[in-house]
Amino acid sequence: MKYYGKTSLSSLLKLMLDSLIVIGFIVYLLILKKALVSQKVNLLNPKNITTCILFVLGGFALLCIMYYLRCIMNSLVKSTPFINQNVESLKSVATSCFIISGCYVVNFFINNQYLNFKLIEIDAKGIHTDIEFIIFFFAGCFTLVLSKVFKQAIEVKEENDFTV
């Protein structure tokens with residue numbers, strides 16, 4: 001199985017990300033429209049305004065993650081993974097993960113979700129957790145480390161190119 005280049009796993013992932021970006025953007029707009037038009041939501045309430053802003057920030061950050069992952073997959077399809085653009089894309093993915101994590105934490109306290117906090121709950125509907133922010137925080141940390149690894153790989157590659 002080929003992992004990069006044309007007709008590879010990375011080209012399939014790129015196509016999937018293309019589809020997810022389009023579908024995600026449409027769903028994002030539909031949810032936002034429904035929330036803003038809904039008569040249950042009082043947009044004069046500061047708590048509702050904050051929740052809406054958190055949704056906009058978190059949703060936009062999620063779309064950014066998909067876009068930057070698409071950029072990385074595109075470089076893999078072109079068989080050029082060790083480029084500075086991928087380092088910047090990984091840093092942007094990390095920043096977006098931290099933004100999403102922050103949105104979860106702020107929402108957790110603004111909407112009083114700490115009152116019925118459950119570390120993990122298993123019921124008839126499945127497994128649920130209230131610590132999603134940790135997942136995005138660690139994803140951001142790992143992605144940031146990966147960007148440093150890519151940066152070092154680029155430096156080694158450039159040094160080898162100059163040697164030859």
Side-chain angles (χ1 to χ4, degrees), residues 9-78 81 83-151:
L9 180 60
S10 37
S11 62
L12 175 65
L13 287 172
K14 182 183 168 290
L15 286 173
M16 291 172 67
L17 282 167
D18 288 341
S19 302
L20 281 174
I21 288 170
V22 171
I23 293 168
F25 186 71
I26 291 168
V27 169
Y28 175 69
L29 290 177
L30 289 173
I31 291 172
L32 191 59
K33 179 185 173 217
K34 184 178 179 182
L36 293 176
V37 175
S38 174
Q39 294 177 4
K40 294 181 209 173
V41 177
N42 178 8
L43 290 177
L44 299 176
N45 183 347
K47 188 166 104 173
N48 291 347
I49 292 171
T50 305
T51 302
C52 189
I53 290 170
L54 291 173
F55 176 75
V56 169
L57 279 174
F60 183 72
L62 190 58
L63 289 171
C64 285
I65 289 172
M66 290 189 289
Y67 171 76
Y68 288 118
L69 288 177
R70 183 195 176 282
C71 292
I72 293 169
M73 287 301 124
N74 194 36
S75 73
L76 291 175
V77 169
K78 294 178 182 175
I83 56 174
N84 284 319
Q85 181 185 357
N86 283 349
V87 173
E88 295 306 315
S89 291
L90 286 168
K91 286 180 184 177
S92 297
V93 168
T95 301
S96 296
C97 285
F98 293 138
I99 289 170
I100 292 171
S101 183
C103 287
Y104 268 113
V105 170
V106 171
N107 185 55
F108 187 73
F109 290 106
I110 294 259
N111 288 308
N112 300 328
Q113 293 176 342
Y114 58 87
L115 296 175
N116 56 359
F117 174 79
K118 293 186 176 67
L119 182 65
I120 191 162
E121 179 182 25
I122 302 172
D123 60 15
K125 295 179 183 177
I127 301 171
H128 312 282
T129 182
D130 286 335
I131 56 170
E132 295 94 346
F133 70 94
I134 291 177
I135 296 167
F136 282 100
F137 178 77
F138 281 114
C141 291
F142 286 121
T143 307
L144 204 54
V145 169
L146 194 57
S147 76
K148 300 298 181 191
V149 170
F150 262 68
K151 185 173 178 73

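The figures here come from the full heavy-atom set of this structure, side chains too, leaving out hydrogens, waters and symmetry mates.
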Flag side-chain contact, heavy atom, 4.5 Å: L146 against F142:
no
Closest heavy-atom pair, T129 versus E132, reported as atoms and distance to 0.1 Å, is O-OE2, 2.9 Å
Smallest heavy-atom separation, T143 atom then A94 atom, equals CG2-N, 4.0 Å
Between I99 and A61 the two heavy atoms that sit nearest each other are CG2-CB, 4.1 Å
OG1 of T50 to CG of N111, rounded to nearest 0.5 Å, is 8.5 Å
- Please tell me if the side chains of K91 and K148 come closer than 4.5 Å, counting only heavy atoms from C-beta onward. yes
With F25 as partner, the option from I23, V22, V27, L29 fulfilling side-chain contact (heavy atoms from CB on, under 4.5 Å) is L29
Note: I65 and S96 closest approach over all heavy atoms is CG1-CB, 3.4 Å
In this structure, SG of C52 is separated from CG of L32 (nearest 0.5 Å) by 5.5 Å
Taking every heavy atom of L17 against every heavy atom of R70, the minimum-distance pair comes out as CD1-N, 3.6 Å
G24 and L63 have their tightest heavy-atom pair at C-CD2, 4.0 Å
N84 and F150, any side-chain heavy atoms less than 4.5 Å apart: no
**Prompt:** Would F137 and V105 satisfy side-chain contact (heavy atoms from CB on, under 4.5 Å), going step by step from the backbone distance to the final call?
**Reply:** CA-CA 11 Å; F137 178 77; V105 170; over 6 Å; no
Rounding to 0.5 Å, atoms CG (L62) and CD1 (I21) come to a distance of 10.0 Å
Taken to the nearest 0.5 Å, the spacing of L69 CG from N86 CG works out to 10.5 Å
message: Can you confirm whether M73 sits close enough to L76 that some side-chain heavy atom of one is under 4.5 Å from a side-chain heavy atom of the other?
response: yes
Problem - Sidechain-backbone polar pair: Y28 side chain, V56 backbone, donor-acceptor under 3.5 Å - result: yes
Heavy-atom side-chain proximity of F98 to F136 below 4.5 angstrom:
no
Output for pair (M66 CE, S19 OG), nearest 0.5 Å, gives 11.0 Å
Interatomic distance, CG@L54 vs CD1@I49, rounded to 0.5 Å, equals 12.0 Å
Does F60, at its CZ atom, have more than 12 non-hydrogen atoms belonging to other residues, nucleotides or ligands within less than 6.0 Å?
no
ask   = Can you find a heavy atom in the side chain of I135 that is under 4.5 Å from one in the side chain of S101?
value = no
